[in-house]
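A short write-up of the structure that comes next.
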Amino acid sequence: MHLQADSLASLKRGPSEPVMGFETSTPVVASQFSNRVRELNMLRSIAVEAQGGVRRWLAILGHRKVGKTSLLIEFLRQSGAELPMPYIDCWEVRADPLQFLLNFLSAIIGTTVRHLGAESDVGPLEATEGDRLAASTVQALARLRFRVIDEAVQLHEGVASGKPAAGTLHRIFDLPGRLAAEIKRPVLVILDELQELERLRRLRRFRDRVDDVFGLLRSLWQRQEGVSYVVAGSRLSVMRQIIADEKNAFFQHFEMLELGPFERQESLKMLREAFGTGANIPDSAMTTRILDLVGDNPFYVRVLAREAAAALIGGKATPPALEHAMKEALESSLLEENGRLSLFMEQRYRSVTGESSTLESVLRGFVDPARISDVSEKLHVRTGAVSSAVKTLLGEDVLEKHADGRYGFTDPAFALWLKHRVDFRLAMPPLLVGTDSEQVVARRLAADGFRGVYQSRASRGAFDLLAIHDT
């Protein structure tokens, strides 16, 4: 992903738009970017101080889909013209480490070309089918007679060939310092999903083995004059180990900024904006209940807003209709098998549990906060096995330990999805967002063995339920 500041400069902040323009598939910027004023100001202060010769390193920590990439790209859009800012997405290391290195080199080349004002001379950085830069591109870059570009092109050719020379990683990660020295200007490097760089030490095609990738980075970055770094990561436990563990290379080198869910008022503001400025989204018990269930992760709220607005197409946005639309959005996006949030949760579930039936069972045991001994007794599994699984789930940032000694999910929407998946199935929607009467009836039916309790989407009143009993 190459998202540079000048390619985003044409995006202008405009008035709020209806939800049909709400983006839920890619990072949001410009008019769709919400909140995060404090975080943007912190990033701007780093850019300002960098221009004054002060180097700072900032680490942004936050769970996936909480808005880290959107924050970084919006910062690039607003401030990227102030100094060279190469942006590199380290997530690509998972799929293809060599492709990540090619993208890193392309980001350095592109940033340098833009600084020189030579975009029209070079054109787009086109690659051939074998990932090598096109011959015309190499020739245009050579005419610039810039040492950093020449070295980056040479390294690009070596990596694309699949036979990188000795010292390649060292030379690639030293390029930002070389760039700052040659242009005699500060550089601000942005690395998204930093924790994935650990995978680079497994590269077998490199002649020189790198046992400690982050140790290599620290040794290079400390010597790079005029280069500041902003990094982000979604594996919170891993990121804290990298930058806050005294045994690791980056201990005490980074300022830390934790990016959490929205404040409730910001979630409500997003819902109001989603339905248009004329809509009335009451701070009702139903809206509050749904947000309490899924939390205030901006991605989840955005998906709910889009689904709810779609349910209103052709109808009047009256308060009762809006509340019903929100109920339908929760069911269709999170509780139905092919819902947008349901598919995301399924992928996360498979990523965390893998092929381990023990992890699956233990994870299900904590859908409601519980102690290890409680889950051990419930599952008839020895305490040591549960403790081992909990340690793994803590490392995956799925569980957290509460002050009372119990463990619970870090993401209420994930817990809700899994609870629906293993306990109530079709009985869950009326139990969650039905009226008081509907909840009483659904709970009684579920207790009596009715495993399918369905609330019609057309329902506007109590007792409009269909129950199915397995015999």
Side-chain angles (χ1 to χ4, degrees), residues 2-9 40-59 72-73 75-88 101-125 133 137-159 167-192 194 216-231 250 253-255:
H2 298 305
L3 295 165
Q4 299 297 339
D6 55 350
S7 67
L8 298 166
L40 275 174
N41 286 337
M42 188 170 187
L43 288 169
R44 290 192 195 102
S45 73
I46 290 177
V48 169
E49 290 192 23
Q51 293 178 77
V54 178
R55 293 188 301 163
R56 288 172 63 185
W57 296 1
L58 173 69
L72 293 173
I73 295 173
F75 167 60
L76 272 171
R77 187 190 74 86
Q78 294 187 17
S79 305
E82 298 172 7
L83 72 166
M85 289 189 196
Y87 168 92
I88 301 102
L101 294 176
L102 293 175
N103 291 344
F104 189 106
L105 291 165
S106 294
I108 295 296
I109 294 171
T111 298
T112 309
V113 168
R114 280 184 292 276
H115 172 75
L116 298 174
E119 299 99 321
S120 59
D121 298 326
V122 175
L125 297 181
L133 292 172
T137 299
V138 172
Q139 292 168 6
L141 291 170
R143 286 194 291 269
L144 297 178
R145 298 181 181 280
F146 216 75
R147 292 189 302 276
V148 166
I149 290 179
D150 292 342
E151 180 163 7
V153 169
Q154 182 187 49
L155 288 165
H156 195 288
E157 176 65 19
V159 174
T168 292
L169 275 183
H170 184 286
R171 292 170 63 194
I172 288 175
F173 288 123
D174 197 35
L175 284 174
R178 300 276 305 280
L179 173 60
E182 191 165 5
I183 64 177
K184 295 181 174 57
R185 283 199 63 193
V187 173
L188 175 57
V189 179
I190 300 175
L191 294 171
D192 204 353
L194 175 78
L216 170 64
L217 293 180
R218 189 199 66 168
S219 67
L220 292 173
W221 292 2
Q222 283 184 321
R223 296 197 302 265
Q224 292 173 352
E225 295 185 9
V227 183
S228 296
Y229 283 89
V230 171
V231 304
F250 281 129
H253 283 74
F254 279 92
E255 302 171 60

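Side-chain atoms of Leu43 and Ser79, non-hydrogen and from C-beta on, never get closer than 4.5 Å to each other. In this structure, the side chains of Glu157 and Val153 stay at 4.5 Å or more apart for every pair of heavy atoms. Residues Val113 and Asp121 form no side-chain contact, since every pair of their non-hydrogen atoms from C-beta on lies 4.5 Å or further apart. At least one side-chain heavy atom of Leu220 sits under 4.5 Å from a side-chain heavy atom of His170. Taking the side chain as every heavy atom from C-beta outward, Ile88 and Asn103 never approach each other to under 4.5 Å.
Contacts of His115 classified as ring pair (Phe, Tyr, Trp, His ring centres under 6.0 Å), with partners at least two apart in sequence or in another chain: none. Residues passing the side chain to side chain contact (heavy atoms under 4.5 Å, CB included) test with Val48: none are found, sequence neighbours excluded.
Heavy atoms only, all atoms of each residue included: Val122 and Ala140 are closest at CA-CB, 4.0 Å. Nearest heavy-atom pair, Glu82 versus Gln51, reported as atom, atom and distance to 0.1 Å: OE1-NE2, 3.5 Å. The shortest heavy-atom contact between Pro86 and Val187 is CD-CG1, 3.9 Å. Nearest approach of Pro124 to Thr137, heavy atoms of both residues: O-OG1, 3.9 Å. Nearest heavy atoms, Ala142 versus Asp150: CA-OD1, 4.3 Å.
Relative orientation of the Trp221 and Tyr229 rings is parallel, given thresholds of 30° and 60° on the angle between their planes. Note on ring orientation: taking the six-membered ring where Trp is involved, the planes of His253 and Trp57 are parallel (angle under 30°, cut-offs 30° and 60°).
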List the steps and the verdict of side chain to side chain donor-acceptor pair (under 3.5 Å) for Gln224 and Arg55. CA-CA 10 Å; Gln224 292 173 352; Arg55 293 188 301 163; over 6 Å; no

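The number of heavy-atom neighbours closer than 6.0 Å to CZ of Arg185, taken from other residues, nucleotides and ligands shown, is above 12.
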